[in-house]
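Some notes on the structure that comes next.
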Amino acid sequence: MVDPASSYPLLFSVDTPEDLRQLPQQQLETLATELRQFLIESVGKTGGHLSAGLGTVELTIALHYVFNTPFDRLVWDVGHQSYPHKILTGRRDRMHTLRQKNGLAGFPKRDESEYDTFGVGHSSTSISAALGMAIAAKRQQTQRQVIAVIGDGAMTAGMAFEALNHAGDMDANLLVILNDNDMSISPNVGGLSNHLAKILSGKLYSQVKESGKKVLKAMPAVSELARRAEEHMKGMVIPGTLFEELGFNYIGPIDGHDLDTLVTTLRNLRSMKGPQFLHIITKKGKGHALAERDPCEYHAVNRLNDKTGESIKQRAPSPSYTQVFGQWLCDMAEHDERLVGITPAMKEGSGLVAFAERFPERYIDVGIAEQHAVTLAAGLAVEGLKPVVAIYSTFLQRAYDQLIHDVALQNLPVVFAIDRAGLVGPDGPTHAGSFDLSYLRCIPNMTIMAPSDENECRQMLSTGFALDTPSAIRYPRGTGPGATIDETLDTLPLGRGEIRRQGSHIAILSFGSLLDQALIAAEALDATVANMRFVKPLDEALVLKLAAEHDLLITLEDNAVKGGAGSAVNELLAAMQQAPPCLNLGLPDHFVEHGRREELLADCGLDASGILRAARRAQDTYRPAALPLELNSK
């Protein structure tokens, strides 16, 4: 076995940023080469986000080289691009555990390292958080520097501009770095652009600028002329007018892979007071030919082929829920020309690629702007169209006010196709859809459905689309049990569940994708199993029937127990004079960490064995009886 230290001698001499700062600047290029190759090798074995991190290798090195981290605060936006940061901050030797249970998280995490100053996973939070830190440093009279690194995609969110607008008025020492990998801007990168950035960020330029302001202060007309001349001159060569208007000193764009320029510019900016904005141009996927050619495909990978570098795709035995949604969307669009598909920058992840190609005039990508996506859908619905918002459960949280105020309050027919419901596995708690049933159930006018298999998912989408009121269909990441899919656009009876197994004494009421585990446990328990289908409206008649015929009810859901589907059953049973005990099984009242989804469900007691154990404990508390200890003991 080859010793990795021999393959990456310079990288393995750097255990912390303090070690990095001891290196001569001329060695940084070699370090960047080794870091990039190590990143490809390590992510190729574990899977994870690849393209974004490859694009920030030089920036990461320059930031830790120039600034005194962790005393100086470095805040990464989203965190997809933070793997090089993890490697340089004492976690290089644990990269083989990335996104695995009890291993390194896939995003910056405060309790993982003192260098992770702010926990992230959702986009567009970095400037707000960094501004808070900068204001705190000013109040505490420390000389701390605060840097926010945000990608061009994250700049589409309103929150980023809210923070920029506020920061321009605060006179706090804040450096915002825009990591721009949009190829349309690449012609601006070059020697002239880099040279101008060094000049504009240099002390001489700043001193002359400030001195000139003092001299011209007594001559307002001339001062205004000089200000406009400076703006027009900078506007000819740099696209920074917007940020200047927001109160920032704009520098750039510069080549984000030119270490000398990065180091020089960052050193100059380190000594400048007030809000600063550095615009860098990088290439997503740099250093990996396939990732450079298709950065979206290599944004996140399962693993890489050792010889070819190609992403190794996992072959699923059946279509994923996301694919089922994508096919349904195209079929329904063919059937009903009122349908409009909306996504907040998740075309690939939410399964809209085929729809965007076949119906481009009815496909809308709003960028990372979830609030806008929901209210846009409301506006479309007002005018008689039928919008379908394809969104991850964890991202719908960001548009909760719009969901209530703009859609539900006006009772508008917007369909929410909620992907990644429940536990999502390696992405961890920042991306888990643990709360949607709870936060949706309390909203009037909402119809909420949770499919138990792929075919039911398609039927529920058709059911929601047929309504003239808001609806939500929430489904998990990955594949289901492999149900045969009926390609019709048939609907389900509204608010009606079904009995999937008839037993005695115990009834399991399953909401959503855990039905297969409920059925396995039920065989050992001889329990009745109901596939409830609808969380709202709840099938009250079915619940009351099961309560009258059984000694114990168990509700099962891949959602937080508090406020979830089980709570809806409890509320109904509370009105009964002699209701049987009801045990609620779901996600616990803490954030579930990353790992394989199957591992995490088992840890939460939501696999068949966990259901069986919980049923035995519950029955023992009210009527001791012999239940099998293991699934195979019957």
Side-chain angles (χ1 to χ4, degrees), residues 99-103 105-107 109-112 119 121-122 392-397 400 418-442 448 450 452 474-478 506-518 520-522 525 527 532 535 552-571 573-574 581-622 631:
R99 291 159 46 91
Q100 299 171 33
K101 188 178 178 182
N102 300 320
F107 302 94
K109 190 176 179 183
R110 292 184 68 235
D111 60 6
E112 185 177 286
H122 291 186
Y392 287 11
S393 172
T394 187
F395 298 145
L396 183 57
Q397 295 165 183
Y400 194 55
I418 305 176
D419 204 332
R420 269 56 167 190
L423 299 179
V424 294
D427 280 339
T430 60
H431 282 59
S434 306
F435 312 109
D436 51 63
L437 294 185
S438 301
Y439 69 67
L440 290 171
R441 197 174 68 81
C442 61
I448 308 166
S452 62
R474 57 101 70 175
Y475 43 90
R477 181 179 188 175
I506 297 174
I508 302 174
L509 287 67
S510 178
F511 295 85
S513 63
L514 299 178
L515 177 65
D516 59 336
Q517 298 301 304
I520 295 172
L525 295 167
M532 295 302 296
V535 177
L552 171 67
L553 300 185
I554 299 175
T555 65
L556 182 64
E557 61 191 300
D558 186 7
N559 183 83
V561 167
K562 292 184 180 297
S567 292
V569 174
N570 294 345
E571 292 161 12
L573 295 178
C582 184
L583 172 65
N584 302 137
L585 299 183
L587 300 180
D589 190 25
H590 62 77
F591 292 104
V592 179
E593 296 299 332
H594 56 278
R596 290 189 302 110
R597 186 171 186 270
E598 295 74 19
E599 292 177 319
L600 302 180
L601 287 173
D603 287 349
C604 295
L606 298 179
D607 61 350
S609 295
I611 297 166
L612 182 60
R613 289 193 302 271
R616 179 178 178 80
R617 287 194 301 268
Q619 193 179 48
D620 285 346
T621 62
Y622 76 93
L631 290 177

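- Taking 4.0 Å as the cut-off between side-chain N and carboxylate O, Arg99 and Asp427 count as a salt-bridged pair.
- No side-chain heavy atom of Leu606 sits under 4.5 Å from any side-chain heavy atom of Gln517.
- A pairwise comparison of heavy atoms in Tyr439 and Ser393 identifies OH-O, 3.1 Å as the closest pair.
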Legend entry - Stepwise side-chain contact (heavy atoms from CB on, under 4.5 Å) check, Leu440 with Ile418: CA-CA 11 Å; Leu440 290 171; Ile418 305 176; 3.7 Å; yes
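- In this structure, CG in Asn559 is found 10.0 Å from CG in Leu423, a value given to the nearest 0.5 Å.
- Rounded to the nearest 0.5 angstrom, Lys562 NZ and Phe435 CZ are separated by 12.0 Å.
- For the atom pair Leu583 CG and Gln619 CD, the distance stands at 11.5 Å (nearest 0.5 Å).
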Inset, instruction - Decide yes or no on side-chain contact (heavy atoms from CB on, under 4.5 Å) for Leu514 and Leu601, but give the supporting numbers first. - result: CA-CA 10 Å; Leu514 299 178; Leu601 287 173; 4.2 Å; yes
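- Remark: the backbone N or O of Thr430 is paired with a side-chain donor or acceptor of His122 at under 3.5 angstrom.
- Leu552 and Ala615 get closest at one heavy-atom pair: CD2-O, 4.2 Å.
- If you take OG on Ser434 and CG on Asp589, they are separated by 11.0 Å, rounding to the nearest 0.5 Å.
- The two residues Asp558 and Ser513 have their closest heavy-atom pair at OD2-OG, 4.4 Å.
- Classification of the Phe107-His431 ring pair by plane angle, with boundaries at 30° and 60°, yields parallel.
- For Thr555 against Gly566, the heavy-atom pair with the smallest separation is OG1-CA, 3.4 Å.
- Scanning both residues, Leu437 and Glu557, for their nearest heavy atoms gives CD1-OE1, 3.8 Å.
- Between the side chain of Arg441 and the backbone N or O of Gly564 there is at least one donor-acceptor pair closer than 3.5 Å.
- The distance from the CG atom of Asn102 to the NE2 atom of His594 is 7.5 Å, given to the nearest 0.5 Å.
- A salt bridge links Lys101 with Asp603: at least one charged nitrogen is closer than 4.0 Å to a carboxylate oxygen.
- Closest approach of Pro476 and Asp419 over heavy atoms only: O-OD1, 3.9 Å.
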Legend entry - side-chain contact (heavy atoms from CB on, under 4.5 Å) evaluation trace for Asp436 with Leu396: CA-CA 8 Å; Asp436 51 63; Leu396 183 57; 5.9 Å; no
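- The CG atom of Leu509 sits 9.5 Å away from atom CD1 of Ile554, with the distance rounded to the nearest 0.5 Å.
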